[in-house]
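To start, the structure itself, in structure tokens.
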Amino acid sequence: MAKWVYLFKEGKAEMKNLLGGKGANLAEMTNLGLPIPQGFIVTTEACTDYYKSGKTVTEEIKGQIFEAMAKLEEEQGKKFGDTENPLLVSVRSGARASMPGMMDTILNLGLNDVAVEGFAKKTGNPRFAYDSYRRFIQMFSDVVMEMSKTFFEGILDEIKEEKGAQFDTDLTADDLKEVIAKYKAIYKEKMGEEFPQDPKVQLIEAITAVFRSWDNPRAIYYRRMNDIPGDWGTAVNIQTMVFGNMGDTSGTGVAFTRNPSTGEAKIYGEYLINAQGEDVVAGIRTPLPISKLEEDMPECYAEFMAIATKLENHYRDMQDMEFTIEDKTLYFLQTRNGKRTAPAALQIACDLVDEGKITPQEAIKRIEAKALDQLLHPAFDVAALKAGKVIGSALPASPGAAAGKVYFTAVDAKNAAEKGERVILVRLETSPEDIEGMHAAEGILTVRGGMTSHAAVVARGMGTACVSGCGAININEEAKVFTLGGETIVEGDYISLDGSTGNIYLGDIKTVEAEISGNFDRIMKWADEFRSLKVRTNADTPEDAANAIKFGAEGIGLCRTEHMFFEADRIPKIRKMILSKTVEAREEALNELIPFQRDDFKALYEVMEGRPVTIRFLDPPLHEFVPTEEEDIIALAKDMNLTVEEVKATCESLHEFNPMMGHRGCRLAVTYPEIARMQTRAVMEAAIAVKNEKGIDVVPEIMIPLVGEKRELKFVKDIVVETAEAVLAENNTEMVYHVGTMIEIPRAALLADEIAEEAEFFSFGTNDLTQMTFGFSRDDAGKFLEAYYTNKIYESDPFARLDQEGVGKLVQMAAEKGRATRPDIKLGICGEHGGDPSTVEFCHNIGLNYVSCSPFRVPIARLAAAQANLNNPR
Ligand code: PEP
Ligand code: MG
């Protein structure tokens, strides 16, 4: 028979997967001989069994729970539901990873109409006993039975008014008996049955509620944000109650062995005399700093400090502890590795290394890679944020905090920013034309679009906060107004965005600039020492590239050349090219673009100082470049000697039903080889110029997008090679250059061995590969993915975290096939997943050479790559 329930003394720290974090630590502390109120743990496997058994707790599991309860009763010398000295317990959830999204604690379970009498007798304090019972009824009804708190709060207020009581504490034991009677009556009315009097029924109901809470929407959301798998389940901890609210020699508190916001190596915490845990959390009374305990109860303080130090040394990490003092006796209720801000994480890691407690390798493994985001972007002022009103939330597309006035067009945003205003650009969706407005904005909010939409990709590249895909917004871009969360926002109104959580706030919330300490460089140096995977960046401008180098990028893995065509001096020329009717006319227009493109590449090569730069040829469907505004159409018609109608007709003819699967990528070079010719010339001429003028050796890497077939790649490659050779000959010089491809169409992955005959490198374009493998539009999937998370079909956004089971299989297979044909083939990833820690680990494990991600995620990727290598050395 499987073992579903463990007494604390039967477990240990290593059993975290089975007992959950809290349970395993309670077991470990018991084994260390610390003062822990005893209890037992229902395992995480019992939780998964609950779901497998159609959401029921099996008789076998119930049997083991009652057995453990009997042992606890014997040990404590108390009985569950006893009339003299009843055993009371707390019931708490405890998953492998701590999950604040889950169930609240239930305290005082085991009280009923009879046990409360026994409890009153035993404590000699009837008022306290009845108050505990009333709190239990309220907590059980709310947390376990999901009855609204307001019913109970209403009753309490009524009785307080009737009795002329100002505070809860003014109510007598008899008053509280009246409250209890009314509580029970409302319970019966709403639930259709009596409040459960059998403690065993209470217990099973509470345990079931914890299991159920594993799947509440908050928990599902938290798991998605923190990469916690849904099949882990939660354990349930049942622990004997001790009381911090038994008078002035009792109390309860929470403490950290080091400061969780700054990392300072000094105990940090608070406590309340004569209180239960919920009073500390509820914030009704102001807790005292932990140092005050030394004055109030010096012996307890000394013992507390000794145990705190012991725990930190034992776990070799900063501990977050809960304790209760019951009539001068100290108990620890839990300990865990404390959550901390990113600056604190770095400080603590460095201090622990300096104190000789951990190695640099351990320090690297402990820091959450994603948390580095916090260090590199502005954040909201904590106090100001507390006062802020959330009006909606959507995808956290690019981290950081931003506040400013709302503008609805890129031009308006740009103009306002030029006047010195802080701007939030709000758009239905962004397009490459919006680039300047996006640059000018502090933050970007879009109604449509997922994690790889234009807005998300570009904002991440620039390090600008972005919240995307907020379908709840009702927007009228023409009228310059939107509504969200019952608020109407017009141009010039202030809103604030948190690109790390996806929250949208009303008003102008104060932000604080990011500050990078010396610890950051130290940690990053260690990370670089321990990793084998290279980290490049996705950058299209010298500014972004320079930024990325500052963050440690070792090259450019993706330069999207189309972004270079949208500036005011280029767009008319590319439009002319698109509207050209003959090859000659097209070539003439392209010739006008060469100098721009060449200068762009030159600037990039100079900034990169010989580091590798992969230049990806034109990719988007051409309709993205054509004018939509009447004045632009007129200007273009004039420039090309065409009528406005002719221009409109050509633009219309570019319309596609599925542009993402349409005339884009290498298909453009197949139909218009002169585009590839122009881009190759620009790349080669820039490389030669940089070599001649600056002495920088460049090895151009030309990348052909959206390939699905070897002959298709060969067709374009032949054009590239022919042009490159011609340019070299014209310049009477030699230069090594590489031609490779993106693997972003499933067919390319399937036939990667053939494609590798032509490609010198592969870069996995996992944005498109995800889109085409799932058949989910990368721009629209957000509209329905939410329902997939709620229904547990998918656990995370496949556009943010690589779907290792499906898309990852294609990547791995293509990598193997590529290497089989060409053993020295260079393999990288340049989809947005390249900056996601779990994807970085995957790329390390399958032996890719590098990941490429937006500049601000480079440090995250460096750290994640080091962690991957420490876990699985290569
Ligand atoms: C990709 O598809 O993953 C990619 C990097 O290219 P883009 O996002 O430009 O389509
Ligand atoms: Mg792509």
Side-chain angles (χ1 to χ4, degrees), residues 397-398 429-432 435 449-461 468 536-541 544 556-566 613-622 624-625 658-669 679 701-708 712-713 740-749 761-781 797-803 807-808 810-811 814 827-836 839-840 842-843 848 850-855 857 861:
S398 175
E429 60 199 333
T430 63
S431 75
I435 193 77
M451 294 295 277
T452 62
S453 63
H454 178 265
V457 169
V458 173
R460 270 202 290 276
S468 72
R536 295 198 193 183
T537 192
N538 294 355
D540 325 320
T541 65
D544 288 353
I556 290 180
L558 173 65
C559 164
R560 291 177 165 101
T561 49
E562 55 271 19
H563 291 171
M564 298 169 159
F565 292 131
F566 282 96
V613 177
T614 304
I615 289 172
R616 199 264 307 268
F617 277 10
L618 198 64
D619 183 56
L622 295 181
E624 285 194 12
F625 297 97
N658 284 313
M660 283 309 249
M661 297 203 289
H663 193 188
R664 58 172 287 221
C666 63
R667 296 156 205 172
L668 293 171
Q679 292 203 287
E701 295 178 352
I702 292 172
M703 180 154 77
I704 314 300
L706 227 69
V707 162
E712 186 185 32
L713 173 60
T741 186
M742 296 188 73
I743 303 288
E744 51 183 344
I745 287 186
R747 191 175 193 276
F761 61 85
F762 286 170
S763 180
F764 292 96
T766 43
N767 302 334
D768 275 311
L769 193 59
T770 299
Q771 166 168 262
M772 304 211 205
T773 303
F774 278 86
F776 286 173
S777 157
R778 57 196 265 192
D779 295 310
D780 296 317
D797 183 345
F799 290 102
R801 183 179 198 263
L802 188 74
D803 157 48
V807 181
L810 283 174
V811 173
L827 302 170
I829 179 177
C830 65
E832 287 305 298
H833 306 86
D836 165 66
T839 310
V840 172
F842 174 79
C843 293
L848 297 196
Y850 69 87
V851 295
S852 187
C853 56
S854 53
R857 289 166 90 185

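Both ligands and their constituent atoms are indexed starting at 1 by order of listing. What's counted below: heavy atoms across the whole structure, side chains too, no hydrogens, waters or symmetry copies. Nothing here was measured: the structure is a model prediction, and the numbers come from that model.
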For ligand 1, find out whether one of its N or O atoms is nearer than 3.5 Å to an N or O atom of E562. no
Give a yes or no answer on whether the side chain of E744 reaches the backbone of N767 with a donor-acceptor pair at less than 3.5 Å. no
Check: S854/N538 side-chain N/O donor and acceptor closer than 3.5 Å: no
To make sure I understand the geometry: which N, O or S atom in D768 is closest to the Mg ion (ligand 2)? OD2
Give a yes-or-no answer on whether the side chains of T537 and R857 include a donor-acceptor pair shorter than 3.5 Å. no
Under 4.0 Å from a heavy atom of R664: which atoms of ligand 1 are those, numbered in the order shown and with their elements? 10 (O)
Check each heavy atom of R560 against ligand 1 and say whether those closer than 4.0 Å belong to the side chain, the backbone, both or neither. side chain
Taking only heavy atoms of C830, which atoms of ligand 1 are found under 4.0 Å from at least one of them? 5 (C)
Note: ligand 1 atoms sitting under 4.0 Å from heavy atoms of M742 are 4 (C), 5 (C), 6 (O)
Cation-pi, F799 ring and R778 (6.0 angstrom, 45 degrees): no
Options R778, M660, H833, M703, ranked by nearest heavy atom to atom 8 (O) of ligand 1, top entry: R778
Atoms of ligand 1 close to T766 [distance to a heavy atom under 4.0 angstrom, numbered from 1]: 3 (O)
E832 N/O to ligand 1 N/O under 3.5 Å: no
Under 3.5 Å, is there a donor on one side chain and an acceptor on the other for S453 and E429? no
Shortest protein heavy-atom distance from atom 3 (O) of ligand 1, along with the residue and atom involved: N767 N, 2.7 Å
Side chains of M742 and F762: does their closest heavy-atom pair fall under 4.5 Å? no
Tell me, with the steps shown, if F566 and F625 meet ring-ring contact (aromatic ring centres under 6.0 Å, His included). CA-CA 8 Å; F566 282 96; F625 297 97; 4.9 Å; yes
Heavy-atom nearest neighbour in the protein, as seen from atom 6 (O) of ligand 1, with distance rounded to 0.1 Å: R616 NH1, 3.2 Å
What are the atoms of ligand 1, with element, lying closer than 4.0 Å to any heavy atom of G765? 1 (C), 2 (O), 3 (O)
Please report the closest heavy-atom contact between S468 and G449, naming both atoms and the distance. OG-O, 3.4 Å
Side chain, backbone, both or neither: N538 near ligand 1, heavy atoms under 4.0 Å: neither
Under 4.0 Å between a side-chain nitrogen and a carboxylate oxygen: does that hold for R664 and E624? no
Those atoms of ligand 1 less than 4.0 Å from some heavy atom in D768: 1 (C), 2 (O), 3 (O), 10 (O)
Please examine the side chains of T839 and I829, heavy atoms only from C-beta on, and report whether any two atoms are closer than 4.5 Å. yes
Looking only at distances, please establish whether an N/O atom of ligand 1 is found under 3.5 Å from an N/O atom of L769. no
Within 6.0 angstrom of M661 CE, more than 12 heavy atoms from elsewhere: no
Would you name the N/O/S atom of E744 that lies closest to the Mg ion (ligand 2)? OE1
Show me which atoms of ligand 1 lie under 4.0 Å from any heavy atom of L558. 5 (C)
